[in-house]
Amino acid sequence: MQKYFEKQTVLVTGAAGFVGSHLVDKLLELRATVIGVDNFITGRKENIAHLFAGESTVKNFAFLETDATAPPASYLDEDAKIDLIFHLASPASPPRYQEFPVETYLINSLGTHHLLDYLHTTNPQGRFVYASSSEIYGDPDIHPQTEGYWGNVNPNGVRSCYDESKRLGETICGVFARDFKMDVRIARIFNTYGPRMDPADGRVIPNFIQQALKNQPMTVYGEGDQTRSYCYVDDLVDGLLRLGNMDQAKSETINLGNPDEYSINETAKMIKTLLKSESKIIFQNLPEDDPARRKPDISKAKKLLGWYPRVTFKEGLEKTILQTQT
Ligand code: NAD
Ligand code: UDP
């Protein structure tokens, strides 16, 4: 992989976010030249602080604090030549995207359009990787979800600013791939967790870890029999890099996630046990349009990318908890 990435100048939007910051670290390890962009709407300076650590400031890395919804020509140098874009910028936690619905639909729609348009104008041979989501399947009526499934999404509900804008983002990718012959790849990312998730961002894993650590009630929404399948962040980043690197992934849409499926009750119990917590498990209202189950079919990722997750849920939780406590 290094052979490919060391020759690339890579733009990563959402570079100070949970996934983006891990992706940037790995790209720099592979000796790519990286330009990170983030406006910190949900990201955190501490996620990238190690890249600015005094004398050891990392070479080949530049960071721009700016809104990636704007046309890139407005924030990049005129002579910048970008080979590859990973477009990860977008609030991702349901409470956060519901707090910023307009910003969320704009970065996934207009932001995606501007980034693709810029690449098309400045380097039509460049590659574009879009961070889509399992949310494009909505509350799925087929299980597990394959890439051929079109989804079951409420077009006008509390989650629509995210779900529908990820779907429109995919549409825009499709237009640039089909009509303008661009090299566009779509990652449909399923629930991912790990170190550097904002402990306060409201997603289930950080919520449960924080609550269990403080022996506070662990808040299961609904009856807790809805399911999710959790992927450790290192596995996801490996999948994204393969998607960006491999020729056979051109114009493909690929699920990236861990197919091990857990109910929310099981998730709460596992975290409580791992942390030897005295928290009570309590039940609160199920949020509107909360998908009942979610599990990726990853046959395509296995076949095309040779990718599958290596880290078990227990191992990943242990690593995440260790980092949270230090
Ligand atoms: P995150 O909120 O930690 O990171 C997103 C980053 O994007 C943040 O740093 C935020 O400040 C930045 N951002 C948002 N809008 C921006 C804008 N207009 N301009 C510049 N920066 C902006 O979320 P994450 O979990 O790291 O998710 C990264 C990407 O992966 C998102 O596109 C998300 O939709 C997708 N995804 C994540 C998951 C998951 O479980 N983590 C699942 C499916 C899809
Ligand atoms: N959830 C929960 N308690 C929490 C946070 C979330 O029971 O404190 C549930 C939520 O209702 C959903 C699942 O956990 O069914 C995953 O939620 P998350 O916000 O992490 O992401 P989603 O997969 O819904 O986008």
Side-chain angles (χ1 to χ4, degrees), residues 1-40 43-53 56-66 68 72 75-77 80-90 92 107 111-112 115-116 118-119 122-123 125-132 173 183-187 189 192 194-197 231-250 252 254 256 301 305-307 309-311 319 323:
M1 242 194 271
Q2 184 156 329
K3 244 186 173 170
Y4 170 75
F5 282 110
E6 66 189 0
K7 295 192 197 108
Q8 309 297 310
T9 298
V10 187
L11 179 69
V12 179
T13 71
F18 157 54
V19 177
S21 63
H22 287 280
L23 178 67
V24 167
D25 284 352
K26 204 71 206 174
L27 284 166
L28 290 170
E29 225 175 279
L30 295 168
R31 298 175 192 244
T33 299
V34 180
I35 302 173
V37 174
D38 208 296
N39 65 353
F40 297 109
R44 296 185 304 157
K45 296 205 162 129
E46 63 206 75
N47 287 347
I48 50 168
H50 58 286
L51 300 175
F52 302 98
S56 59
T57 295
V58 171
K59 279 190 194 143
N60 295 341
F61 179 66
F63 180 76
L64 301 170
E65 181 174 346
T66 191
Y75 55 80
L76 291 177
D77 284 346
K81 178 146 184 298
I82 305 295
D83 301 302
L84 171 61
I85 297 177
F86 282 98
H87 181 27
L88 269 64
S90 168
I107 188 61
T112 304
L115 287 158
L116 274 162
Y118 172 82
L119 197 62
T122 57
N123 181 9
Q125 309 306 319
R127 276 185 195 173
F128 189 85
V129 178
Y130 179 55
S132 183
C173 289
D183 182 347
V184 181
R185 296 132 192 251
I186 297 172
I189 302 171
T192 300
R196 299 192 193 154
M197 269 183 118
C231 186
Y232 187 65
V233 66
D234 289 359
D235 281 330
L236 174 70
V237 166
D238 179 45
L240 288 172
L241 291 168
R242 286 171 190 246
L243 184 63
N245 162 38
M246 293 180 143
D247 288 338
Q248 60 270 38
K250 186 173 179 184
E252 296 291 347
I254 303 187
L256 293 177
L305 308 177
W307 178 87
R310 264 75 170 175
V311 182
K319 289 179 194 230
Q323 191 263 359

Participant: List the atom of Phe18, the atom of Asn47, and the distance in Å for their closest heavy-atom pair.
Facilitator: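 Scanning both residues completely, I find the closest heavy atoms to be N-ND2, 4.0 Å.
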
Participant: Quick one: closest heavy-atom pair of Thr192 and Val233, and the distance?
Facilitator: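 Heavy atoms only, the tightest pair is CG2-CA, 3.7 Å.
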
Participant: So which heavy atom on Leu119 is nearest to which on Gly126, and how close?
Facilitator: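 Nearest pair, atom of Leu119 first, then Gly126: CD2-C, 3.8 Å.
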
Participant: Can you spot which of Leu30, Thr33, Val24, Leu27 makes a side-chain contact (heavy atoms from CB on, under 4.5 Å) with Val10?
Facilitator: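 Considering Leu30, Thr33, Val24, Leu27, a side-chain contact (heavy atoms from CB on, under 4.5 Å) with Val10 is found only for Leu27.
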
Participant: Test of understanding: with side-chain hydrogen bond (donor to acceptor under 3.5 Å, both in side chains), list the residues that count as partners of Asp183, not counting sequence neighbours.
Facilitator: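 In terms of side-chain hydrogen bond (donor to acceptor under 3.5 Å, both in side chains), with neighbours along the sequence ignored, Asp183 is linked to Arg127, Arg185.
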
Participant: Specify the closest pair of heavy atoms between Tyr130 and Cys173, including all atoms of both residues, with the distance to one decimal.
Facilitator: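 Minimum heavy-atom separation between Tyr130 and Cys173: CB-SG, 3.6 Å.
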
Participant: For Phe40, enumerate each residue passing the ring-ring contact (aromatic ring centres under 6.0 Å, His included) test, keeping only those at least two apart in sequence or located in another chain.
Facilitator: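 Phe40 satisfies ring-ring contact (aromatic ring centres under 6.0 Å, His included) with Phe63 once adjacent residues are dropped.
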
Participant: Mind jotting down which residue pairs meet the salt bridge (charged side-chain N to carboxylate O under 4.0 Å, His left out) criterion with at least one end in residues 12-28? Sequence neighbours excluded, please.
Facilitator: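 Listed once each, the pairs are Asp25-Arg196, Lys26-Glu29.
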
Participant: So which atom in Asp83 and which in Thr9 form the shortest heavy-atom distance, rounded to 0.1 Å?
Facilitator: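 Minimum heavy-atom separation between Asp83 and Thr9: OD2-N, 2.7 Å.
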
Participant: Which residues pass the ring-ring contact (aromatic ring centres under 6.0 Å, His included) test with Phe128, not counting sequence neighbours?
Facilitator: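 Residues passing ring-ring contact (aromatic ring centres under 6.0 Å, His included) with Phe128: none at all.
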
Participant: Compare every heavy atom of Ile107 with every heavy atom of Ala68, then report the nearest pair and how far apart it is.
Facilitator: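 Looking at all heavy atoms of both residues, the closest pair is C-CD1, 3.5 Å.
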
Participant: Counting only heavy atoms not in Arg31, do more than 12 fall under 6.0 Å of its CZ?
Facilitator: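 Atom CZ in Arg31 is not packed in, count stays at 12 or less.
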
Participant: Partners of Gln125 by side chain to side chain contact (heavy atoms under 4.5 Å, CB included), sequence neighbours excluded?
Facilitator: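 So Gln125 forms a side chain to side chain contact (heavy atoms under 4.5 Å, CB included) with Asn123.
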
Participant: The criterion is ring-ring contact (aromatic ring centres under 6.0 Å, His included); which residues satisfy it with Phe5, sequence neighbours excluded?
Facilitator: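 For Phe5, no residue satisfies ring-ring contact (aromatic ring centres under 6.0 Å, His included) once neighbours in sequence are set aside.
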
